[in-house]
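The structure appears below as structure tokens.
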There are 2 protein chains.
Amino acid sequence: MLKLTKKADYGLMALKFLAEHPERPALSAKDVADAYGIPAQLLAKILQQLTRSGLLRSTAGMNGGYALAREARSISAYEVILAIDGPFFITSCTKGKTGCELTTNCTIKEPLARVNETIAGVLKSISIQDLAEHEPPAARERNARELVALKL
Amino acid sequence: MLKLTKKADYGLMALKFLAEHPERPALSAKDVADAYGIPAQLLAKILQQLTRSGLLRSTAGMNGGYALAREARSISAYEVILAIDGPFFITSCTKGKTGCELTTNCTIKEPLARVNETIAGVLKSISIQDLAEHEPPAARERNARELVALKL
DNA sequence: TATTCGATGCTCAAGCTGACCAAAAAAGCG
DNA sequence: CGCTTTTTTGGTCAGCTTGAGCATCGAATA
């Protein structure tokens, strides 16, 4: 449980792949799919979604494909997951502003909401560039600082 | 996405409820279900699972029911979720020791695995007692320390 | 013995995954 | 200039896994 969907996984892989090949002006969905052995049709749809969200820039036609719309350093894993799977919440009943309509005290939400913020904070502190590099020491320190700053 | 199941939610609610009523020797599944308005049959199954995992102690027969097997302070949210939903992993392909069989470099797993550890650490640092108390300031500090100790 | 409660198995619905197909767009070539 | 190729875009649909919920049987105590 608590795992993110395959779509989000594929999306992160694709962005990582794009970040690793900055020399290419654009990579097609098929290129990425072949590189990782993931279903091409599904990946195409994911990339479209990321394009609509403004994370990617698409070029149709020959030698077209997808490219990062921004710097790899400035795109966080949080944005990617958010664009693909929508807003996530730890608690299953945190929908909109209505909150939990369970009768009396659903007080477990309050501590879990803080867990939710923590996860979001961690994901925000991880950039696509961090994924492209292996074992990024800079990211570690940044994450630790970020977490403390969250005042969890 | 990334939300824990209703079962885990219900389980946490039930344990919280039990922790809030230490004067009662045992509370039936129906009592808890009525208190929160959750399906009784489903909750019963969850409580049975928690009993098998050793988190609860059950008493059959009249005036029977469930009680915490240990102190509320010593039961973490992590244990509850683990008992109900099994081991969770952020990455969808982290199954067993085989790891990711996707062709070449599935290097996004490594940073995400660290996120996974962080989440587990946060959940481990939250006890049932913390859920029962509202706005626990002690838990906050403990969490922050725990996170830094994780060396994320 | 009878009531209360826990344990087990089963069915239904929903979301996710993955694939197929057709259409539009843009670049290259004759 | 028009045709072809490559690639994005959009829609639809079947298969499957998983979770949610229900009904029934079994066990223990008064």
Side-chain angles (χ1 to χ4, degrees), chain A residues 1-11 13-14 18 24-67 69 81 84-86 88-89 91-93 95 102, chain B residues 1-11 13-14 18 24-34 36-53 55-67 69 81 83-89 91-93 95 102:
Chain A
M1 252 313 94
L2 207 66
K3 61 172 166 254
L4 45 90
T5 58
K6 277 188 181 174
K7 283 189 191 174
D9 253 4
Y10 293 160
M13 286 189 224
L18 292 177
R24 302 282 300 273
L27 286 166
S28 75
K30 191 172 180 302
D31 291 338
V32 182
D34 289 348
Y36 287 109
I38 56 186
Q41 308 282 356
L42 181 57
L43 182 69
K45 205 153 284 189
I46 296 168
L47 295 180
Q48 290 165 24
Q49 209 162 354
L50 291 174
T51 304
R52 278 194 296 272
S53 302
L55 294 177
L56 291 180
R57 203 167 288 280
S58 66
T59 318
M62 294 178 90
N63 297 330
Y66 296 94
I81 298 173
I84 293 176
D85 284 333
F88 56 80
F89 295 104
T91 58
S92 17
C93 70
K95 41 185 167 186
L102 284 184
Chain B
M1 253 309 96
L2 207 68
K3 61 169 167 254
L4 47 89
T5 58
K6 277 189 180 175
K7 283 189 191 175
D9 252 5
Y10 292 161
M13 285 189 223
L18 291 177
R24 303 281 300 273
L27 286 167
S28 76
K30 192 171 181 302
D31 290 339
V32 182
D34 289 348
Y36 288 109
I38 55 188
Q41 310 283 355
L42 180 58
L43 182 69
K45 196 167 290 187
I46 297 168
L47 294 180
Q48 291 156 22
Q49 208 163 354
L50 291 174
T51 304
R52 278 193 297 273
S53 302
L55 294 176
L56 290 181
R57 202 168 289 279
S58 67
T59 317
M62 296 178 92
N63 297 330
Y66 296 96
I81 298 172
I84 294 177
D85 286 332
F88 56 79
F89 295 104
T91 58
S92 21
C93 69
K95 41 185 169 188
L102 285 184

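Proteins get letters first, then strands, A, B, ... in listed order; numbering begins at 1 in each.
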Which value, rounded to the nearest 0.5 Å, describes the distance between [X] atom [atom1] and [Y] atom [atom2]?
X       : Y       : atom1 : atom2 : result
A:Lys7  : A:Lys45 : NZ    : NZ    : 8.5 Å
A:Lys6  : A:Ile46 : NZ    : CD1   : 11.0 Å
B:Leu56 : B:Leu18 : CG    : CG    : 6.0 Å
A:Thr5  : A:Ile84 : OG1   : CD1   : 7.0 Å
B:Leu43 : B:Tyr10 : CG    : OH    : 9.0 Å

Completion exercise
Taking C:dG18, D:dG19, D:dG21 as options, the one with an atom nearest any side-chain atom of B:Pro39 is D:dG21
Practice task
With heavy atoms under 4.0 Å as the rule, sort B:Lys30 into base, sugar-phosphate or nothing.
Solution key: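 Nothing, no heavy atom under 4.0 Å.
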Exercise for the section: Please work out if A:Ala29 contacts a base, only the sugar-phosphate, or nothing of the nucleic acid, heavy-atom cut-off 4.0 Å. Expected result: sugar-phosphate
Exercise for the section: Would you indicate, yes or no, if C:dG18 has its OP1 or OP2 atom less than 4.0 angstrom from a side-chain nitrogen or oxygen of A:Lys6? Expected result: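 Yes, such a contact exists.
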Handout entry: Short side-chain N/O contact to C:dG6 OP1/OP2 from B:Ser28, under 4.0 Å
Key =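 So the side-chain polar atoms of B:Ser28 never come under 4.0 Å of the phosphate oxygens OP1 or OP2 of C:dG6.
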Practice task
Without swapping roles, check the side chain of A:Asp31 against the backbone of A:Ser28 for a donor-acceptor pair under 3.5 Å.
Solution key: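 Pair found, side chain donor or acceptor close to backbone of A:Ser28.
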Problem - Distance, rounded to the nearest Å, where A:Asp9 contributes CG and C:dG18 contributes C1' - result: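 Result: 16 Å.
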Exercise for the section: Return the residues of residues 46-55 of chain A meeting this criterion: a heavy atom under 4.0 Å from some atom of DNA chain D. Order them by number, or give none. Expected result: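 Residues of residues 46-55 of chain A under 4.0 Å from DNA chain D: A:Gln48, A:Arg52.
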Exercise for the section: Return the set of residues passing side-chain contact (heavy atoms from CB on, under 4.5 Å) with A:Arg52 (not counting sequence neighbours), or none when no residue passes. Expected result: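 Here the qualifying residues are A:Gln48, A:Gln49.
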Within the sub-3.5 Å range, which N or O atoms of nucleotides 25-30 of chain D have a protein N or O partner, and how far apart are they?
none

Practice task
Show the numbers, then the answer: is there a side chain to side chain contact (heavy atoms under 4.5 Å, CB included) between A:Tyr66 and A:Leu27?
Solution key: CA-CA 5 Å; A:Tyr66 296 94; A:Leu27 286 166; over 6 Å; no
Practice task
Report yes if a donor N or O on one partner sits less than 3.5 Å from an acceptor N or O on the other, where the partners are the side chain of A:Lys45 and the base of D:dT12; otherwise report no.
Solution key: yes
Handout entry: Nearest-nucleotide comparison on DNA chain D, the residue closer to the 5′ end among A:Tyr66 and B:Gln41
Key = A:Tyr66
